[in-house]
Amino acid sequence: MVKQGDILEYDVLVIGGGPAGSTAARYAAKNGAKTLVIEKRQEIGSPVRCGEGMSLAWLDELDIKDTTKWVSRYMSGARIYSPGGYMVEINEEYAGNEVGGVIERDAFDRDMARLAAEEGAHFMVKTSAVELLKEDGKVVGAKATHLGKEFEIHAKLVIGADGFESQVGRWAGIYEAIKPKDIMTCFQYRLTNIDIDADFVNFFMGSGAPGGYAWIFPKDEKTANVGLGVQLSRLDGSKTPKDYLDDFIDSHPGLKKGKPIDMVAGAVSVTHPPERSVADGIILVGDASRVVDPITGGGIVSGLKQGKIAGEFAAEAVAEGRTDAEYLKRYETLWRDKLENKLWRNYMAKEKAMELSDKMFDKIIDALSELDLKKVNVETVLEGVRKKYPGIMEEIEKML
Amino acid sequence: MKPELNLDKCMRCGACVGSCPANAIFLKEYTLEVNDDCTGCGLCINVCPMGAFSKGGK
């Protein structure tokens with residue numbers, strides 16, 4: 001048990017025990033770094049702040065073989081609805097596991113922590129970082145508190161994995177404010193006793209969730225996470241995301257009789273990749289480095305992939321004795337090579353999609369619904385829309 | 001001026017913490033604190049999924 005004034009010595013200190021932090025710790029420890037994860041909450045993974053729909057196309061890359069502890073339901077596909085009721089279905093068989101499943105996020109986060117612990121990473125829960133320790137401007141650890149005891153953790157490299165509300169990035173001077181148009185504010189119920197097709201994740205576009213979308217992610221035959229996200233710049237305080245969701249549920253007969261057994265609030269950044277994710281002695285991973293997919297608002301998969309890169313890199317940097325900002329730029333290059341193109345592309349697409357009117361969503365989704373989605377790609381989508389609505393092609397081509 | 005917070009509505013989700021351009025909002029053990037760095041911009045009033053913030057009284 002840690003005592004007041006203790007000084008702990010580690011190679012790598014990870015601040016935040018979410019999936020990106022745990023995965024960074026897993027690969028740092030696996031590659032020989034003495035690693036500690038601190039998590040401010042008393043329980044890794046809880047309370048859940050997530051819609052829990054997740055692609056499962058990345059399991060091999062992260063060498064994960066057993067999903068039984070945390071997949072609640074595999075999906076047959078995704079259905080995307082326009083405001084006027086048009087629907088396009090994407091079949092999982094042809095989407096290569098991209099639709100994936102609906103997970104138990106708390107169990108998932110604990111499983112990612114277990115994988116890190118199995119590689120030798122240490123964990124401390126109910127432990128908050130209160131400030132970064134610096135020497136000549138270089139981050140050399142953090143001051144932390146645990147059960148009323150204040151102590152220091154000295155580390156050769158700090159990994160900031162403290163999510164959307166990251167303080168670590170701000171303390172390190174690598175914080176970039178997110179524009180209100182690039183923030184989605186979200187609210188969700190877990191509703192039970194509802195009538196749904198429990199084999200599909202459902203997305204609802206249009207002005208019912210301005211600048212965002214509403215979702216139904218089934219947990220079982222009668223239960224689903226039902227939520228929505230609204231673009232912050234479209235809110236004026238008169239109607240909250242909760243109000244929007246209550247209206248959405250009221251307008252869906254299958255949901256209206258549902259009973260809430262859980263409530264989740266939160267915000268997610270749907271911004272472009274950051275200018276910088278490193279400073280002297282510190283790197284950022286996951287939502288703290290804004291690697292959330294701007295189209296879906298999903299951050300877990302890119303956080304995991306980036307976490308693996310961060311952990312492997314951290315062990316190497318520590319072994320080389322190089323944790324200065326210049327050397328850490330290699331980490332930037334590594335994760336950007338893998339993730340940045342898609343994040344930028346989806347950011348540009350999101351910027352366009354946000355401007356679409358309800359009528360335009362109807363037209364596009366109507367056109368898409370007539371396509372053979374076994375072969376869905378940019379060309380088949382454009383061809384389908386061109387056939388049906390030659391007039392709006394210019395707009396769509398700009399968007400894509 | 002600082003916003004008023006209705007703690008009964010607060011879900012402690014951190015949406016305001018991450019969005020605050022002045023970095024003036026902090027989750028504490030049992031509450032949420034808005035410090036004097038607050039510029040009164042009101043973003044937190046809109047970002048809160050629950051509508052827990054309202055305009056300050058004076």
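Just so it is clear: chains get the letters A, B, ... in the order the sequence lines come, proteins before strands, and each one is counted from 1.
- Between chain B and the residues A:Ala265, A:Ala267, A:Gly237, A:Ala177, the most heavy-atom pairs under 4.5 angstrom are made by A:Ala265.
- Looking at B:Met11, the atoms closer than 4.5 Å to chain A (heavy atoms on both sides) all sit in the side chain, from C-beta outward.
- Against chain B, no residue from residues 284-296 of chain A qualifies, as none has a non-hydrogen atom under 4.5 angstrom away.
- Below 4.5 Å, heavy atoms of chain A meet heavy atoms from B:Leu43, all part of residues 36-44 of chain B.
- Heavy atoms of B:Cys48 lying under 4.5 Å from chain A belong exclusively to its backbone.
- Residue contact with chain A, scored on non-hydrogen atoms closer than 4.5 Å, involves the side chain of B:Phe26 exclusively.
- Per-residue heavy-atom pair counts under 4.5 Å with chain B were compared for A:Lys239, A:Lys242, A:Arg49, and the maximum is reached by A:Arg49.
- Pairing each heavy atom of B:Ser19 with each of A:Phe164, the nearest pair is OG-CZ, 3.5 Å.
- Taking each heavy atom of B:Val47 and A:Thr185 in turn, the nearest pair found is O-OG1, 2.6 Å.
- Distance CE/A:Met263 to CE/B:Met50: 4.0 Å, rounded to 0.5 Å.
- We find the CG-CD distance between B:Asn23 and A:Gln167 to be 4.5 Å, quoted to the nearest 0.5 Å.
- Contacts between A:Met184 and chain B at a heavy-atom distance below 4.5 Å are absent for every atom of the residue.
- The part of A:Val264 that comes within reach of chain B is its backbone (N, CA, C, O), which places non-hydrogen atoms under 4.5 angstrom from that chain.
- Rounded to the nearest 0.5 Å, atoms CD (A:Glu165) and SG (B:Cys20) are 12.5 Å apart.
- Minimum interatomic distance between A:Arg170 and B:Val17 (heavy atoms only, all atoms of both residues): NH2-O, 3.1 Å.
- Interface remark: A:Tyr175 contributes side-chain atoms only to the contact with chain B (heavy atom separation under 4.5 Å).
- Within a 6.0 Å sphere centred on CD of A:Gln42, heavy atoms belonging to other residues, nucleotides or ligands number 12 at most.
- For the atom pair CG of B:Asn46 and CZ of A:Arg234, the computed distance is 14.0 Å after rounding to the nearest 0.5 Å.
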